Amino acid sequence: MTDTTKIGLKETGCITGYHAHVYFDADTVEQALVLCQRAAEIFGVKMGRVHDKLVGPHPMWSCQLAADPEQFAQLLPWLALNRDGLIVFAHLETGDELADHRDHGIWLGTGLELDLSLFA
C-alpha cells in the first residue's frame, strides 16, 4: 500500500466539521430562511444568523449551517436537491481557515469570488 504522505495526500481525520453558507439577496431572503430552517430541523445542524449584509469573506448575504461530518454527508445532497437556484458555498473545517475557504470549497450553483484578505 502506498504511503499517501509521500505523494501529498491528506487524511480526512483532520476534518472537524463543515460549514454550508446559503447565499441570498433581498428577493430570496425568505426562500433562504425557509431552506436553512428546514435543514436545521431535518438534520440537526446548527443554523447561524441570517445576515442581510456582507459578513466575513462572503460576497453575498448569507446564513451559515454548521454540521459535523456525519450530518454533512446527508446535508450536502439535500441542499443540492432543494436549493432551488440559491448559491451555496460549503467548506470543511481543519483549523486552517484560509485553506478551508480557498482550497477546500464546494460550490452548489455559480461559484463566486471570496474576499480572502481577512485570513492573511
Side-chain angles (χ1 to χ4, degrees):
M1 185 164 176
T2 304
D3 180 1
T4 58
T5 59
K6 289 182 181 178
I7 55 175
L9 298 179
K10 299 174 184 170
E11 297 296 325
T12 58
C14 67
I15 301 170
T16 59
Y18 292 85
H19 289 164
H21 302 274
V22 177
Y23 292 153
F24 57 89
D25 59 23
D27 294 329
T28 57
V29 62
E30 187 63 32
Q31 176 189 352
L33 180 61
V34 169
L35 182 71
C36 290
Q37 287 172 335
R38 288 293 294 141
E41 292 167 5
I42 293 169
F43 302 104
V45 298
K46 182 178 179 190
M47 179 179 157
R49 286 181 288 179
V50 177
H51 293 285
D52 59 354
K53 63 180 181 178
L54 299 184
V55 175
H58 305 289
M60 292 182 69
W61 300 353
S62 63
C63 180
Q64 175 182 285
L65 299 169
D68 65 32
E70 293 76 26
Q71 291 168 320
F72 189 73
Q74 300 301 312
L75 176 65
L76 188 65
W78 184 87
L79 287 171
L81 289 172
N82 292 288
R83 66 184 183 83
D84 194 22
L86 294 173
I87 297 170
V88 177
F89 172 66
H91 63 85
L92 45 86
E93 294 185 280
T94 65
D96 183 342
E97 290 184 333
L98 177 59
D100 292 346
H101 286 80
R102 182 190 62 208
D103 303 332
H104 309 302
I106 301 164
W107 289 96
L108 301 177
T110 303
L112 302 173
E113 189 76 24
L114 298 173
D115 177 6
L116 301 172
S117 64
L118 70 117
F119 300 125

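None of these values were measured; they are calculated from a predicted model.
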Those residues at least two apart in sequence (or on a different chain) that pass side-chain contact (heavy atoms from CB on, under 4.5 Å) with N82 are L35, W78

If Ile, Leu, Val, Met, Phe, Trp and Tyr residues are connected whenever their side-chain heavy atoms lie under 4.5 Å apart, and connections chain through other members, are L33 and L79 in the same group?
yes

Tell me the salt bridge (Lys or Arg N to Asp or Glu O under 4.0 Å) pairs involving residues 82-106, sequence neighbours left out?
none

Value rounded to 0.5 Å, distance of NZ in K10 from CD1 in I15
10.0 Å

Sequence neighbours excluded - side chain to side chain donor-acceptor pair (under 3.5 Å) pairs with any residue from residues 65-77
none

What side-chain donor-acceptor pairs closer than 3.5 Å can you find for residues 104-120, not counting sequence neighbours?
unit_1: D115; atom_1: OD1; unit_2: S117; atom_2: N; d: 3.2
unit_1: D115; atom_1: OD1; unit_2: S117; atom_2: OG; d: 2.6

Give a yes or no on whether V34 and W61 share a hydrophobic cluster (residues Ile, Leu, Val, Met, Phe, Trp, Tyr; joining criterion: side-chain heavy atoms under 4.5 Å apart).
no

Which hydrophobic side chains are connected to V55, either touching it within the sub-4.5 Å cutoff or through other members that do?
none

With sequence neighbours left out, what residues match F24 under ring-ring contact (aromatic ring centres under 6.0 Å, His included)?
none

Under 3.5 Å, sequence neighbours excluded: what are the donor-acceptor pairs made by side chains of residues 37-54?
unit_1: R38; atom_1: NH1; unit_2: E41; atom_2: OE1; d: 2.8

Are V22 and Y18 grouped together when hydrophobic residues (ILVMFWY) are joined by side-chain heavy atoms under 4.5 angstrom apart?
yes

Quick one: do L65 and C36 satisfy side chain to side chain contact (heavy atoms under 4.5 Å, CB included)? Show the steps, please.
CA-CA 7 Å; L65 299 169; C36 290; 4.0 Å; yes

For the residue pair F89 and H91, does the interplanar ring angle fall in the parallel (under 30°), tilted (30 to 60°) or perpendicular (over 60°) class?
tilted

